[in-house]
Amino acid sequence: MIAAYNSGSTMARTLESLDPGTPVYAGATCVGEVRAVYAEGDARIAELLIVHWDARGEEVAIPTTEVLSVDGTGVQLIRQESDQYGDLAPFDASRFPTMKKLK
């Protein structure tokens, strides 16, 4: 397992290379799957994960600062309960005009 995300860490490369369909977990609960990875402008450092949140039936933007780890099973979020993510807004690409899709 990789340690929590820090700028310049090896996790940044792992986040950048996440494939669509990678499972996302809050604690032991699979909450959805990665749909895309976004970075700011021409940067190559992942800043947002777009996740299809199963319980809501929609895509949400999750800042990479919410990622605890990435391993062979998927992405583990910091908050351990899925209901702790009720504040996530539905993803709308027009709200992030300076972000570009990495994957």
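Numbering starts at 1 and runs along the sequence shown. Computed from a prediction, not measured in an experiment: that's the story for all the values here.
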Return the minimal non-hydrogen interatomic distance between [X] and [Y], and the atom names on each side.
{"X": "H52", "Y": "G57", "value": "NE2-C, 3.7 Å"}
{"X": "S94", "Y": "D92", "value": "OG-OD1, 2.8 Å"}
{"X": "V70", "Y": "V67", "value": "CG2-CG1, 4.0 Å"}
{"X": "R56", "Y": "A89", "value": "NH2-C, 4.1 Å"}

### Close side-chain approach of L18 and L49, heavy atoms under 4.5 Å
yes

Quick one: [atom1] on [X] to [atom2] on [Y], what's the gap to the nearest 0.5 Å?
{"X": "T29", "Y": "D54", "atom1": "OG1", "atom2": "CG", "answer": "11.0 Å"}
{"X": "K100", "Y": "E47", "atom1": "NZ", "atom2": "CD", "answer": "11.5 Å"}
{"X": "W53", "Y": "E58", "atom1": "CH2", "atom2": "CD", "answer": "11.0 Å"}
{"X": "L77", "Y": "T64", "atom1": "CG", "atom2": "OG1", "answer": "11.0 Å"}
{"X": "Y25", "Y": "D71", "atom1": "OH", "atom2": "CG", "answer": "9.0 Å"}
{"X": "L48", "Y": "L15", "atom1": "CG", "atom2": "CG", "answer": "11.0 Å"}

Report whether [X] and [Y] are members of the same hydrophobic cluster (ILVMFWY, side-chain heavy atoms less than 4.5 Å apart, transitive linking).
{"X": "Y85", "Y": "V37", "result": "yes"}
{"X": "L88", "Y": "V31", "result": "yes"}
{"X": "L102", "Y": "V34", "result": "yes"}
{"X": "Y38", "Y": "I62", "result": "no"}

### Query
Are more than 12 heavy atoms from other residues, nucleotides or ligands located less than 6.0 Å from atom CG of D42?
no

### Message
For F96 and F91, take the angle between the two ring planes, folded into 0 to 90°, and tell me which bin it lands in: parallel under 30, tilted 30 to 60, perpendicular over 60.
### Response
parallel

### Query
Which residues pass the salt bridge (Lys or Arg N to Asp or Glu O under 4.0 Å) test with E66, sequence neighbours left out?
R79

### Task
Return yes if some donor-acceptor pair links the side-chain N/O of Q76 with the main-chain N/O of G74 below 3.5 Å, else return no.
no

